[in-house]
2 protein chains.
Amino acid sequence: MEPRKLTRNQTLVLETLTHAEAPLSAYTILDKLRDHGFRAPLQVYRALEKLTEFGIVHRLESLNAFVACTHPHDHGPEKAVIAFAICEDCGQVSEISDPEIEDRLAVLATKQQFKTDKTTIEMRGHCGNCTA
Amino acid sequence: MEPRKLTRNQTLVLETLTHAEAPLSAYTILDKLRDHGFRAPLQVYRALEKLTEFGIVHRLESLNAFVACTHPHDHGPEKAVIAFAICEDCGQVSEISDPEIEDRLAVLATKQQFKTDKTTIEMRGHCGNCTA
DNA sequence: ATTCTCAATGTTATGTTATTACATCAATTG
DNA sequence: CAATTGATGTAATAACATAACATTGAGAAT
Ligand SMILES: [Zn+2]
Ligand SMILES: [Zn+2]
Ligand SMILES: [Zn+2]
Ligand SMILES: [Zn+2]
């Protein structure tokens with residue numbers, strides 16, 4: 001799914017996420033976009049669904065929240081496995097794309113004939129800034 | 001947190017999960033336990049919280065659901081990193097504890113001075129049985 | 001045995017996240 | 001101009017989770 005031209009709603013949601021310092025929930029995005037005509041959750045969820053398909057927004061499962069992609073990895077159909085390091089203090093999220101992890105998980109899956117569609121890796125903890 | 005003696009509610013919730021063939025949501029557990037006197041979500045959530053602390057139940061973040069542990073790994077304070085392979089067809093969940101993955105994630109975290117508290121790894125896909 | 005304490009429980013209400021259903025609109029195309 | 005397709009608007013509801021407060025029950029201290 002290539003990053004084609006975005007619609008108005010998709011653009012607004014993406015900009016909101018891009019300017020945010022931490023992951024945002026769909027409802028937080030909704031609140032931030034009320035002034036731009038957003039009225040209902042679906043307007044946000046529909047935009048998020050597309051943006052996630054395009055690979056320019058990621059959903060953090062352990063947070064029920066979303067971030068704009070900061071690590072322009074493969075946005076094509078061959079999605080790389082991404083690990084997220086999420087700081088509990090400042091909310092900063094860093095993306096890690098590591099072939100070694102990816103390969104090892106592939107080996108482990110194959111070993112039990114498991115066909116992986118999507119992989120979630122999320123580390124919750126404290127970033128360098130917040131530990132210093 | 002050692003697996004000490006379980007309370008009545010904890011036992012009921014754990015048994016429900018143990019007998020289930022797939023991950024269960026808190027509300028599904030609640031419904032299954034109505035006959036045993038359960039009336040409110042909190043009764044389930046409180047039991048799940050403890051069982052998860054004890055390490056004998058796991059929460060699947062990408063599913064908002066819970067499973068009984070099937071792979072008696074380290075239940076002590078030193079919790080191992082567990083990867084889950086979750087079949088979209090039959091719901092079967094297998095637990096994978098792999099030092100190689102664990103070490104590699106530790107290296108990647110350390111590289112950016114990230115201190116990890118908890119790691120989530122979930123693979124969604126199709127198990128051997130369901131692909132055959 | 002009586003009191004104290006703390007963890008677990010019961011109950012109600014509320015907060016948060018996500019989807020269903022249906023009507024409308026706008027761009028593309030034959 | 002239909003007809004199709006994808007996006008949008010809106011209301012209602014479903015699904016997941018927690019806050020607040022009262023009560024109970026088992027073990028420790030006296
Ligand atoms: Zn990314
Ligand atoms: Zn931080
Ligand atoms: Zn386990
Ligand atoms: Zn299966």
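The chains referred to below are lettered A, B, ... by the order of the sequence lines, with proteins before strands, and numbering in each begins at 1. Everything quoted here is computed from the prediction, not taken from an experiment.
Side chains of Ile96(B) and Gln112(A) form a contact here, defined as non-hydrogen atoms less than 4.5 Å apart.
Hydrophobic cluster membership is shared by Ile86(B) and Ile82(B), with clusters built from Ile, Leu, Val, Met, Phe, Trp and Tyr side chains linked at under 4.5 angstrom. The hydrophobic cluster containing Phe114(B) does not contain Val93(A), counting ILVMFWY residues as joined when their side-chain heavy atoms lie under 4.5 angstrom apart, directly or transitively. When hydrophobic clusters are built by joining Ile, Leu, Val, Met, Phe, Trp and Tyr residues whose side-chain heavy atoms come closer than 4.5 Å, directly or via intermediates, Ile29(B) is not grouped with Val67(B).
For the pair Glu61(B) CD and dC16(D) P, the computed distance is 14 Å after rounding to whole Å. dA7(D) atom C1' lies 12 Å from atom CZ of Phe38(A), rounded to whole Å. Rounded to an integer number of Å, the gap from NZ of Lys5(A) to C1' of dA27(C) is 12 Å. Whole-Å rounding puts the Arg8(A) CZ to dC25(C) C1' distance at 15 Å. Distance Lys50(A) NZ to dA7(D) C1': 9 Å, rounded to the nearest Å. Rounded to whole Å, the distance from CG on Leu12(A) to C1' on dG9(D) is 15 Å. Look at CG on Leu30(B): it is 15 Å from P on dT9(C), rounded to the nearest Å. Rounding to whole angstrom units, CG of residue Leu33(A) and P of dG9(D) are separated by 11 Å.
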Secondary structure of DNA chain D in dot-bracket form (Watson-Crick or G-U wobble, distances below 3.5 Å, | marking inter-strand pairs):
||||||||||||||||||||||||||||||
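Between dG9(D) and Gln43(A), a contact under 4.0 Å exists linking OP1 or OP2 to a side-chain N or O.
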With the sugar-phosphate defined as primed atoms, P, OP1 and OP2, and the base as all remaining atoms, what B/S/- string results for nucleotides 14-19 of chain C, 5' to 3', for protein heavy atoms under 4.0 Å?
---BBB
From CA spacing to verdict: side-chain hydrogen bond (donor to acceptor under 3.5 Å, both in side chains), Glu122(A), Ser62(A):
CA-CA 7 Å; Glu122(A) 297 177 14; Ser62(A) 67; 2.5 Å; yes
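Take Ala68(A) and apply the side chain to side chain contact (heavy atoms under 4.5 Å, CB included) test, not counting sequence neighbours, and it matches Leu14(A), Leu17(A), Thr18(A).
Remark: the Arg46(B) side chain and the dG10(C) base include a donor-acceptor N/O pair separated by less than 3.5 Å.
Mapping Arg39(B) and Gln10(B) onto DNA chain C by nearest heavy atom places Gln10(B) closer to the 5' end of the strand.
Rounding to the nearest 0.5 Å places NZ of Lys50(A) at 9.5 Å from OG1 of Thr7(A). Rounding to the nearest 0.5 Å places SG of Cys69(A) at 8.5 Å from CD1 of Ile56(A).
Here the closest non-hydrogen pair linking Cys127(A) and Cys87(A) is N-SG, 3.4 Å.
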